[in-house]
Trainee: 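Below are the structure tokens for one structure; questions will follow.
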Amino acid sequence: MRTYHEPARDVPVARDTEVVVVGGGPAGLAAAIAAARNGAKTTLIERFGYLGGTATASLMACINGFRNQVEPDGMQTVRGIAEEIILRLKELGGLGESPYPQKDYPTEPGQLSYSYAVDTEKLKYVTLKMAVEAGVDLMFHTYFCDSIYSGAQLRCLLVAARSLHGVIAENKSGRQALLAKVVVDASGDADVAARAGAPFWQTKEQEAPRLTDGLMYRIEFGSRRPAGHLACDFGRNAVVWGPSVPVMDGTDADQLSRAEVEARLRVYEDFAGKQAEHPELADASVVETPPLLGIRQTRFVEGEYKLTADDAISGRRFEENVAMSSCPIISYYGYRRYLEHEGYGIPYRCLVPKNVENLLIAGRCISSEQQPYESHRAMAPIMAIGQAAGTAAALSAQHSTSPRALDVRHLQRTLVAQGAELGLERAARGG
Ligand SMILES: Cc1cc2nc3c(=O)[nH]c(=O)nc-3n(C[C@H](O)[C@H](O)[C@H](O)COP(=O)(O)OP(=O)(O)OC[C@H]3O[C@@H](n4cnc5c(N)ncnc54)[C@H](O)[C@@H]3O)c2cc1C
């Protein structure tokens with residue numbers, strides 16, 4: 001490949017802070033709110049001008065995973081910030097009808113249903129309000145470009161690991177350095193970890209089928225509407241599942257562009273298919289496509305522990321649980337595998353990457369095999385993971401300790417005191 005030598009230059013230090021969160025999706029927004037609520041000076045950078053990530057920028061308007069979708073569903077496995085968002089949306093009339101078959105709970109604290117369709121505009125508002133109230137310093141329209149680190153990449157056991165000191169970002173003001181004691185990588189694609197030299201992988205098709213990506217779109221009903229709920233249903237309009245694209249690498253800019261082109265050119269054909277299936281949609285119309293194709297999976301970061309299919313299927317609880325998931329594995333070798341227990345644990349070690357200090361991973365790219373990922377990728381558990389990462393980042397920064405050396409019991413006590421569900425009682429009993 002031909003190369004161009006970019007000359008080195010000095011860049012301004014735009015922030016010198018305690019915690020920087022990269023990415024304002026479900027994981028990143030929960031991480032930033034949690035870090036700031038725990039007293040850390042926190043900056044969040046996000047390429048769009050609002051929070052929500054896939055939920056808002058890709059119109060994925062159904063937040064799933066507050067409890068098992070089927071019995072045994074007695075335990076609400078995700079509480080904390082994720083629950084608060086749903087309750088605030090309820091107050092604002094921001095909940096619609098979820099298309100997922102489920103038992104309806106009353107939507108009270110500790111009494112949430114498996115899934116909620118959410119008004120994406122109200123979700124932008126509620127999450128922004130919560131971030132502002134917590135004191136998060138928001139840098140929108142800002143793109144993470146590189147990691148700032150010292151130390152060599154771990155090539156053999158004799159070489160020290162890298163220490164992360166912040167990130168380089170680019171926005172309308174130009175290229176800037178943001179220094180931090182701890183960085184939370186909530187970019188979904190593990191951009192920070194990859195640039196810092198943490199080991200990562202992408203699932204290979206021959207090992208396990210990957211989830212495909214897809215473009216959602218919003219339709220407005222005309223004079224009639226189909227009986228029942230059409231995807232995420234908001235009465236006069238609905239967000240429907242649109243064209244999906246063949247498996248591609250969402251961290252490859254050319255493949256990503258081609259996938260956007262392909263999906264966008266198929267929207268009206270896709271809608272015509274739905275109209276043929278539901279004649280009531282004859283005078284309905286497509287009113288919105290989101291800025292970004294929904295990307296389900298890209299890189300996974302190798303952490304101190306990799307969550308396994310057996311952990312999820314057997315309902316394992318770890319002594320160092322920091323979040324839980326009870327979601328089905330959505331395509332377990334081709335079928336939706338519901339869990340036969342109330343939920344399994346996600347240990348802190350899945351958020352701690354190998355080889356890089358001062359970095360925590362939050363969101364869909366944590367250290368996990370394909371099958372458990374297909375469960376905890378749902379947005380409720382993803383927010384619980386984000387809350388754990390943000391809280392851990394704040395505690396690490398305050399105690400001037402690396403996240404790897406953090407006292408996990410202290411983290412757990414803090415999370416529980418702030419309303420998170422960790423499923424610890426069962427772990428203590430060895431369940
Ligand atoms: C088609 C589809 C259907 C789905 N269906 C459901 C469903 O029904 N229910 C459910 O609960 N979940 C569903 N999911 C899964 C869920 O949406 C994701 O797993 C979840 O959003 C992951 O959250 P995250 O915060 O880790 O990453 P993301 O949502 O990907 O957020 C990452 C954020 O980081 C920002 N970012 C990325 N790179 C940079 C950068 N370099 N600089 C600055 N900012 C950056 C992005 O703009 C984004 O805001 C679906 C996903 C897809 C794609």
Side-chain angles (χ1 to χ4, degrees), residues 20-32 44-66 69 78 82 86 98-100 114-118 120 123-124 127 139-147 167-171 178 184-192 194-195 210-217 231-232 239-245 250-251 253 256 259 263 290-301 325 327-328 330-331 361-366 368 373-386 389:
V20 163
V21 178
V22 174
L29 67 89
L44 180 148
I45 66 171
E46 165 57 47
R47 65 180 148 170
F48 293 114
Y50 45 82
L51 300 171
T54 305
T56 51
S58 300
L59 270 185
M60 190 45 257
C62 255
I63 299 186
N64 294 353
F66 287 96
Q69 191 184 348
V78 174
I86 296 297
S98 165
Y100 292 92
Y114 161 72
S115 164
Y116 289 91
V118 296
T120 50
L123 182 63
K124 286 179 191 168
T127 52
M139 288 181 80
F140 284 140
H141 305 295
T142 299
Y143 212 97
F144 162 85
C145 304
D146 216 340
S147 295
V167 299
I168 301 283
E170 186 103 32
N171 56 26
L178 284 76
V184 178
D185 184 348
S187 64
D189 298 323
D191 286 356
V192 184
R195 292 290 177 100
R210 289 173 53 155
L211 299 181
T212 54
D213 307 309
L215 183 67
M216 312 288 290
Y217 57 88
C232 300
V239 173
V240 297
W241 306 89
S244 56
V245 290
T251 63
L256 186 57
L292 180 70
L293 175 77
I295 308 291
R296 280 197 167 95
Q297 63 176 95
T298 52
R299 301 183 184 109
F300 294 97
V301 178
S325 174
C327 272
I330 64 164
S331 181
I361 312 297
R364 60 179 162 86
C365 49
I366 63 164
S368 168
Y373 148 77
E374 292 189 19
S375 159
H376 59 69
R377 65 182 266 286
M379 288 186 270
I382 280 289
M383 286 193 262
I385 292 168

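Order of listing sets the numbers, starting from 1, for every ligand and every atom in it. What you see is a predicted model, and the numbers here were worked out from it, not measured in a lab.
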Trainee: Considering residues at least two apart in sequence or located in another chain, which fulfil the side chain to side chain contact (heavy atoms under 4.5 Å, CB included) criterion with A82?
Mentor: F66, V78, M383
Trainee: Going by the rule side chain to side chain contact (heavy atoms under 4.5 Å, CB included), which residues pair with T54 if we only count those two or more places apart in sequence or in a different chain?
Mentor: S58, M60
Trainee: Mind running side-chain contact (heavy atoms from CB on, under 4.5 Å) on C327 and Y114 for me, showing each step along the way?
Mentor: CA-CA 8 Å; C327 272; Y114 161 72; 4.0 Å; yes
Trainee: List, ordered by chain and residue number, the protein residues whose closest non-hydrogen atom lies under 4.0 Å from any atom of ligand 1.
Mentor: G23, G24, G25, P26, A27, E46, R47, F48, G53, T54, M60, C62, I63, N64, Y100, T142, Y143, F144, A186, S187, G188, D191, W241, G294, I295, R296, G363, R364, R377, A378, M379, I382
Trainee: What residues form a side chain to side chain donor-acceptor pair (under 3.5 Å) with D213, not counting sequence neighbours?
Mentor: none
Trainee: Between I361 and R299, is the side-chain contact (heavy atoms from CB on, under 4.5 Å) condition met? List the steps.
Mentor: CA-CA 11 Å; I361 312 297; R299 301 183 184 109; over 6 Å; no
Trainee: Determine the minimum heavy-atom distance between A169 and T142, stating which atoms define it.
Mentor: CB-CG2, 3.6 Å
